[in-house]
Amino acid sequence: MLVIDDEPEIGRAVRLGLQSAGFTVEWEDRGQAGIERVAQWRPDVILLDLSLPDLDGVEVCKRLRSWTQTPIIVLSVRAHEADKVAALEQGADDYLTKPFGMGELIARIRVALRHAAQSTGAAEGAEGAVVRIGALEMDLERRIVTVDGRETHLTPTEYEVLKYLAAHRGKVVTHHLLLHAVWGPDYEAEAHYLRVFINQLRRKIEPDPSRPRYLITEPGIGYRLREIE
Amino acid sequence: MAQSLSQRLAHSTPWRWLRVWLTESPRSGALGYLLAPVGVAAATVVIGLTESVARISDVSLLYLPVVLWLAMRYGRGPAILASVLAFFSYDFFFIPPLHLLTVGEPSEWLSLFALLATALALGHLTAVVRARAREAEESQQRTEILYHLAQLIATATTDQQLYDALSQQVVSVFAPSGAHACALLLPDATGSLQIIAFAYEQGYGTCPVDARPGDASGQPAARDQHTIVRTPLKTTRGVVGSLLLSGAPAIRLLSPDVAGTQGDTAPEPGQEERAREQAPLFAAFCDQIALAIDRAALASEAMHAAALRESDRLKDSLLGSVTHDLRTPLAAIKAATSSLLQSDVAWDAQERHELLSSIDVSADRLNRLVGNLLDLSRLEAGVAQPELDWRLMSDVIASTLDQLELSGQLGRRTLRVEEPGDLPLVLMDQEQIQQVLTNLIENALKYAPEGSAIRIQTCVVEDELRVAITDQGIGIPPREITAIFNKFYRVQQARLPWSQKRPPIGTGLGLAICAAIVKAHGGRIWAESEPGHGATLTFTLPLTTDRPQGGLPEIAESATPAPPSTPATRAAAV
């Protein structure tokens with residue numbers, strides 16, 4: 001685990017918290033030094049602060065992605081949504097807003113590690129044809145979605161959206177990426193219609209659409225399909 | 001101010017009036033001198049006719065009404081001329097030997113000189129009375145004009161209005177002296193003079209130089225006939241500005257002390273006389289205007305000082321409030337950490353957990369406070385322009401509730417979200433509206449007892465989207481229902497007679513931030529409350545007709561190839 005953050009107190013707190021959870025943690029306070037350390041040390045997960053004194057965090061993200069697929073979790077203060085989106089589109093896997101709870105951070109790290117293991121280990125199909133999120137069940141082979149054991153009727157588009165989110169479940173998917181993946185490049189800018197669309201989809205899969213449990217909005221960034229056992 | 005004005009008038013008046021009296025209008029003077037022999041001749045004829053009927057002693061008195069009339073009408077000169085002419089006419093026509101300027105009988109000399117003396121005395125006295133009357137009349141006019149000016153100064157509500165009225169007044173009062181336009185110049189922040197008010201004579205046109213109507217001879221007025229006089233406006237504090245007067249050459253005479261006037265054309269005689277007459281009035285005008293400008297400047301300085309004091313007061317209040325709110329959680333954190341760091345105390349798991357929870361809660365509280373302060377300063381500085389985008393309110397509410405739940409603030413209260421399934425897209429800055437919702441819900445949480453319910457209702461009412469947050473707390477006193485949206489305002493315990501509970505502490509910033517954000521979005525925010533039974537805080541966002549009404553298309557089946565064994569339409573079919 002490599003933490004790249006220029007604030008020593010955050011570095012120390014995160015290191016202590018993660019070490020107690022059983023991770024080995026190293027800390028760098030500069031972007032360039034961080035990149036070099038990744039090359040030498042090959043961490044399993046990189047925690048990257050977006051505001052670094054020497055290099056822009058988004059730039060660090062881009063440089064790392066040019067040669068490594070190591071999961072990157074971006075740390076940032078509130079009100080920098082555009083930076084977060086940029087980092088996610090440059091290949092960052094997830095983001096956390098400061099200040100954050102240690103429990104949340106560890107949960108995100110575990111998701112990132114699992115995804116890394118899946119993508120290096122085997123194809124998507126290997127995880128099994130059925131995805132379960134709480135009471136929501138997706139049978140990818142038969143293209144059937146059930147909620148509490150009851151089948152719910154999704155349009156092919158809704159199904160594709162849910163399938164894409166399920167393939168990246170636990171991770172945040174930006175509007176841009178989702179629109180591109182499902183509707184194609186012509187629709188990348190139609191985030192507002194996507195909101196209406198997701199709202200309709202929630203009515204079919206969420207027990208309480210006004211308080212979504214599975215399909216979560218990441219304000220200003222995109223959506224996340226939660227992992228719930 | 002009034003005293004200095006009257007002093008000035010008292011000092012300047014006698015001398016100027018004497019001059020005015022001596023240099024009477026040439027035209028009317030000439031007429032007087034012309035009428036003197038005519039009048040005397042007429043009187044001589046009347047006396048001749050009377051003599052032919054009956055011999056009347058002292059018939060020469062018939063000359064006196066002529067002298068009196070001339071003195072009243074045309075002043076001293078024609079009266080003196082008439083007196084002398086009467087003297088000679090009487091001698092020539094009526095005193096024997098007739099038709100000779102000699103007198104036969106010595107007693108007739110006496111009668112003749114009595115006539116001359118009486119005529120001269122009468123002429124002089126009448127002329128003095130006439131001058132006095134005219135002086136009184138003009139003084140009254142002057143007083144009226146100055147009174148009108150003082151009224152203008154007193155009734156002007158804004159500085160600009162005052163300056164406009166002043167320059168307009170200058171033009172209308174000094175038009176007889178040839179003034180056509182007036183500009184008021186005041187120094188700006190850098191000290192250079194700027195025209196702040198301009199007025200011109202009615203019917204004179206907006207362009208004072210070139211658009212001037214032709215003069216009596218039908219020739220358009222030449223530019224060099226246009227005189228400009230700049231008079232400094234002085235008070236005891238120094239020169240506060242300048243008065244620029246433009247018009248006929250005679251206006252130079254309005255302020256004779258001022259050098260540097262333009263144009264060397266001779267003034268028109270009528271205007272020249274008026275200008276000389278109006279010069280003291282003009283001086284008084286300039287004094288008044290200078291004082292008015294000075295007073296306006298002082299008033300604006302006083303207002304500035306008051307604004308600074310108010311800002312200081314706010315800063316103090318902010319400092320007081322923030323210091324307390326920052327210190328409290330910091331003190332809790334410090335206390336807990338120093339306890340935990342004590343090496344000689346062995347905390348059991350339960351105690352350690354309590355101390356750590358205290359740190360956790362305090363940190364969250366600090367985070368919210370700092371967020372609020374940053375938001376407010378950004379909003380007040382105008383930096384936080386809403387970044388508007390089409391959003392769904394239901395998304396924003398869900399995100400807000402998730403965050404609040406995450407920070408453990410919801411406690412054991414029930415949250416009921418009521419919204420129709422087909423809410424329209426609304427133009428908003430999601431982050432800012434989420435801040436509004438967070439503050440409103442936190443507010444409701446603060447006042448709502450444990451176990452009570454908080455209702456969040458969203459609906460479309462006419463052309464706006466309405467979000468109402470209702471709690472079952474202690475409510476808001478009716479008199480404070482609008483004040484709660486002010487900065488640093490907190491409902492005081494003394495004003496909550498129905499509640500035994502002390503109101504929770506806050507920064508008094510949350511609702512002020514809400515109001516600022518909603519206003520920036522073109523919406524409204526208000527509170528309703530039934531004291532003792534809770535409160536409803538509602539805000540609206542405008543629904544515009546140009547909102548996106550379409551949707552994303554259904555994708556073609558081939559977009560994501562399905563496994564060959566499974567028909568792609570299955571999902572829709574089952």
Side-chain angles (χ1 to χ4, degrees), chain A residues 77-79 81-82 97-101 103-104 125 129 138-145 151-164 179 181-184 186-187 190-200 202-203 206 208-213 215-220 223, chain B residues 360 363-364 366-367 371 374-375 378 384 387 389-392 394-403 405-408 415-419 421-425 427 429-431 434 456 458 547-548 550-557 559-560 562-563 565-574:
Chain A
V77 291
R78 197 169 68 109
E81 252 68 42
T97 303
K98 284 181 186 175
F100 47 81
E104 184 72 14
M138 281 185 85
D139 186 334
L140 295 172
E141 201 163 294
R142 294 167 55 216
R143 296 180 74 91
I144 293 175
V145 177
E151 270 191 40
T152 185
H153 298 254
L154 298 187
T155 66
T157 315
E158 286 167 347
Y159 179 80
E160 285 307 323
V161 168
L162 197 57
K163 193 175 122 187
Y164 186 85
L179 283 160
V182 178
W183 282 273
D186 294 347
Y187 291 92
E190 309 274 338
H192 48 278
Y193 288 133
L194 183 60
R195 294 190 181 105
V196 179
F197 185 88
I198 294 288
N199 201 37
Q200 288 161 0
R202 279 185 184 136
R203 306 203 149 263
E206 292 280 356
D208 175 6
S210 69
R211 295 292 311 278
R213 290 287 122 233
L215 212 176
I216 304 300
T217 303
E218 294 288 346
Y223 298 97
Chain B
D360 195 37
D364 283 344
L366 272 176
N367 185 36
L374 287 177
D375 285 341
R378 273 194 306 160
E387 285 175 35
D389 196 2
W390 297 102
R391 308 279 180 158
L392 280 178
S394 49
D395 273 4
V396 188
I397 293 175
S399 299
T400 310
L401 293 179
D402 284 350
Q403 271 194 2
E405 197 167 37
L406 214 66
S407 62
L415 275 161
R416 287 214 308 269
V417 181
E418 297 170 18
E419 58 196 14
D422 55 347
L423 279 177
L425 287 165
L427 208 51
D429 182 319
Q430 154 131 16
E431 213 181 308
Q434 194 164 333
I456 303 162
T458 312
R547 64 176 180 270
L552 289 163
E554 279 294 312
I555 48 161
E557 290 161 21
T560 323
S565 62
T566 314
T569 46
R570 178 81 184 270
V574 288

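Letters A, B, ... mirror the listed sequences (proteins, then strands); counts begin at 1.
- Chosen from B:Leu415, B:Ile456, B:Leu401, the residue pairing most often with chain A at heavy-atom distances under 4.5 Å is B:Leu401.
- The two residues A:Glu160 and A:Arg143 have their closest heavy-atom pair at OE2-NH2, 3.0 Å.
- One finds the CZ atom of A:Phe197 at 4.0 Å from the CH2 atom of A:Trp183 (value rounded to the nearest 0.5 Å).
- Residues A:Arg195 and B:Leu392 approach most closely at O-CD1, 3.2 Å, considering heavy atoms.
- Of the atoms belonging to A:Tyr223, it is side-chain heavy atoms, and not backbone ones, that fall under 4.5 Å from chain B.
- No side-chain donor from either of B:Gln434 and B:Ser399 sits under 3.5 Å from a side-chain acceptor of the other.
- Heavy-atom pairs under 4.5 Å with chain A peak, among B:Ala398, B:Pro553, B:Gly421, B:Ser394, at B:Pro553.
- The pair A:Arg211-B:Glu405 meets the salt-bridge criterion, since a charged nitrogen lies less than 4.0 angstrom from a carboxylate oxygen.
- A salt bridge does not link A:Arg202 with A:Glu158: every distance from a Lys NZ or Arg NE/NH1/NH2 to an Asp or Glu carboxylate oxygen is 4.0 Å or more.
- Note: B:Asp395 leads B:Val417, B:Asp395, B:Val396 in heavy-atom pairs under 4.5 Å with chain A.
- If you measure heavy-atom distances from A:Ile198 to chain B, you find no contacts under 4.5 Å at all.
- Only the side chain of B:Leu425 has a heavy atom closer than 4.5 Å to any heavy atom of chain A.
- Using a 4.5 Å cut-off between heavy atoms, B:Pro424 makes no contact with chain A at all.
- Heavy-atom distances place the side chain of A:Arg203, and not its backbone, under 4.5 Å from chain B.
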